[in-house]
Amino acid sequence: MANDMDNLNDLSARKEEAVVDTSKKVRIGIIGCGWIAHAHMDAYKKMADVEVVALADLVPGKAEKFGKTFDLPEARCYNSGHEMLEAEKDLDGVSICTYNCQHAPCAIDALEHGVNVMLEKPFTVTLDEAVEVMKAEKKSGKILTIGYQPRMSSNIQRIKKIIDSGELGKVYYMQAGGGRRAGIPAPFGTSFIEKETGGVGAMGDIGTYSLDMLLTAVGYPKPLTVTGYTSDFFGKDHAYFADHGMPAEYADKFGVEDFAAGFIRLEGGIMLDFRISWAMHMDTAGDTLILGTKGGLKIPSMDCYNGDLPAPMTIFKTVAGKEISYEVPKDATDDLFLRKLRSFVDAIKNGDPAPVSSAEIIYNQAIIDGIVKSSQLGHEIEIEIPEV
């Protein structure tokens, strides 16, 4: 599938250098006022052409507290995203920062109200939900972009540039590494780990980033089949939570995966070996590897491929019969959340396409959905993605 990410960083840089037109401010609402919404608000506060005018959260008083934290005395507060969308008739866009299981209904509701959407990752919990969101997007004619700020990193974009240059030849195998040794995200509550709110676990939280990094690099080929595995040994262990300073009873609420792996066949003859972890007795699931017929690329391991790298990438080749390797210099990482939300605001103002297209991310979602289903069935399955 075609991917226009090559020019995104340069485009964002040019727009940031330009004088921002503040004569008409983009009016934004935020649905879900938890911790990820704080990162959105930090970015919006840096944009002179943006006004956050409405806040919504299901928890009584949470939107009001958020407004006070960010000094938004004029922002109107609501007890649900739907209530906000019904009352606010001139919103230009919304940031949807709810827990995973509310991504689809909130996105559909906003699109049906004719509002542009910045939807935090993961896209949805299931493939079926993603399809329904895309139907609403198509019908509305509005922008739906999904929150993958690592794409804004020049380090991550360089991976695709290396592949497109032909330096690696034909890519035939990719291994997604990284993962956390002890990082179940429950120090602030259980919305990530309960089935009714999180829906999916490590895959939707951090695995989706590594999937996007690799799939973007090779042009987002369609996934064809998947053999998947998931487990929850640590999440169901009372001792894990007690040992990490969290209530032991969280184990009774744990309803998602803390480890997942999959072997995915992609169009174009590429095999994707995927694994991700919130918790394991290992320091890493490995480096990320991209193997091609003329060279290989090693991307150093980290908890979450969020745009920064702990060390330079390395290219391996054979030149004149001699095996060589050389490092690819890495860049310092700037404010990727700001770049992500700036690209959303610019798309609204200029009528640009969605910076991170649902037509790509549905493939990411299909892989996660396929791993869950394959793990439940105990065998390989075909991935079928309906036309939208």
Side-chain angles (χ1 to χ4, degrees), residues 3 5 148 150-151 153-181 183 202-203 206-229 259-278 280-319 322-331 333 360 363-364 367-368 370-371 380:
N3 189 303
M5 288 304 302
Y148 287 83
R151 281 205 190 189
S153 165
S154 58
N155 293 309
I156 302 302
Q157 292 172 8
R158 187 168 292 115
I159 299 169
K160 178 171 174 54
K161 290 178 180 178
I162 290 169
I163 292 173
D164 288 349
S165 74
E167 187 72 6
L168 305 185
K170 172 182 167 49
V171 172
Y172 59 89
Y173 172 87
M174 301 189 294
Q175 171 185 296
R180 298 173 183 164
R181 181 174 183 175
M203 286 190 290
I206 54 178
T208 188
Y209 280 150
S210 59
L211 282 174
D212 186 63
M213 178 179 71
L214 290 174
L215 294 172
T216 296
V218 292
Y220 251 97
K222 184 178 180 180
L224 303 176
T225 66
V226 58
T227 298
Y229 170 83
F259 179 87
F263 204 53
I264 303 102
R265 295 181 182 275
L266 304 173
E267 277 188 341
I270 301 174
M271 298 302 301
L272 172 57
D273 180 356
F274 168 78
R275 70 289 298 268
I276 197 66
S277 170
W278 270 347
M280 59 183 169
H281 290 308
M282 188 56 61
D283 58 343
T284 177
D287 294 322
T288 289
L289 307 178
I290 302 177
L291 302 184
T293 55
K294 295 181 179 179
L297 177 67
K298 179 187 288 186
I299 305 164
S301 173
M302 59 190 304
D303 287 355
C304 168
Y305 288 94
N306 61 1
D308 197 7
L309 295 175
M313 296 183 287
T314 306
I315 291 178
F316 296 80
K317 294 179 72 72
T318 299
V319 177
K322 183 175 179 60
E323 295 176 348
I324 67 167
S325 63
Y326 54 93
E327 291 186 345
V328 180
K330 75 185 189 78
D331 298 333
T333 304
E360 291 179 340
Y363 288 177
N364 188 316
I367 289 172
I368 294 173
I371 289 172
E380 182 181 61

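In this structure the side chain of Ile324 never reaches within 4.5 angstrom of the side chain of Thr318, judged on heavy atoms. The side-chain heavy atoms of Met313 and Asn155, taken from C-beta on, include no pair separated by under 4.5 Å. Counting heavy atoms from C-beta on, the side chains of Pro223 and Ile367 come closer than 4.5 Å. The side-chain heavy atoms of Ile156 and Arg151, taken from C-beta on, include no pair separated by under 4.5 Å. Residues Met174 and Leu266 have side chains in contact (heavy-atom distance under 4.5 Å, counting atoms from C-beta outward). Looking at Ile264 and Phe274, their side chains come closer than 4.5 Å, going by heavy atoms from C-beta outward. Under the 4.5 Å side-chain criterion, counting only non-hydrogen atoms from C-beta, Phe259 is not in contact with Trp278. Val218 is listed as a side-chain neighbour of Ile270, based on a closest heavy-atom distance under 4.5 Å.
Nearest heavy atoms, Ala261 versus Ile371: O-CG2, 3.7 Å. Considering every non-hydrogen atom in both Pro221 and Leu215, the closest pair reads CD-O, 4.0 Å.
Looking only at distances, a side-chain donor or acceptor of Ser210 sits under 3.5 Å from a matching main-chain atom of Gly207. For the pair Asn364 (side chain) and Thr208 (backbone), a donor-acceptor distance under 3.5 Å is present.
Applying the side chain to side chain donor-acceptor pair (under 3.5 Å) criterion to Arg275, with sequence neighbours excluded, gives Asp273. Evaluation of the side chain to side chain donor-acceptor pair (under 3.5 Å) rule for Thr284 yields Ser301 as partners, not counting sequence neighbours. Annotation: side-chain contact (heavy atoms from CB on, under 4.5 Å) contacts of Asp308 (sequence neighbours excluded): Asn306, Lys330, Thr333. For Thr225, the side chain to side chain donor-acceptor pair (under 3.5 Å) test picks out Glu380, with sequence neighbours left out. Contacts of Pro310 classified as side-chain contact (heavy atoms from CB on, under 4.5 Å), with partners at least two apart in sequence or in another chain: Pro300, Met302. Listed by chain and number, the residues in a side-chain contact (heavy atoms from CB on, under 4.5 Å) with Leu291 are Tyr172, Tyr173 (sequence neighbours excluded). By the salt bridge (Lys or Arg N to Asp or Glu O under 4.0 Å) test, Asp331 pairs with Arg158, sequence neighbours left out. The side-chain contact (heavy atoms from CB on, under 4.5 Å) search around Glu167 returns Ile162, Ser165, Ile315, Lys317, Tyr326, not counting sequence neighbours.
Sorted by first and then second residue, the side chain to side chain donor-acceptor pair (under 3.5 Å) pairs involving residues 285-297 (not counting sequence neighbours) are Thr288-Tyr305.
Once rounded to the nearest 0.5 Å, the distance linking CE of Met213 with OG of Ser153 reads 10.5 Å. Distance SG/Cys304 to CZ/Arg180: 6.5 Å, rounded to 0.5 Å. Residue Leu224 holds its CG atom at 5.5 Å from CD of Glu267, rounded to the nearest 0.5 Å. Ile299 contributes atom CD1, which lies 3.5 Å from atom CD1 of Ile159 (distance to the nearest 0.5 angstrom). Distance check, rounded to the nearest 0.5 Å: CZ of Phe316 to NZ of Lys298 gives 4.5 Å. Here CG of Leu214 is found 12.5 Å from NZ of Lys160. Values are rounded to the nearest 0.5 Å.
Using cut-offs of 30° and 60° on the angle between ring planes, the pair Tyr363 and Tyr220 is tilted.
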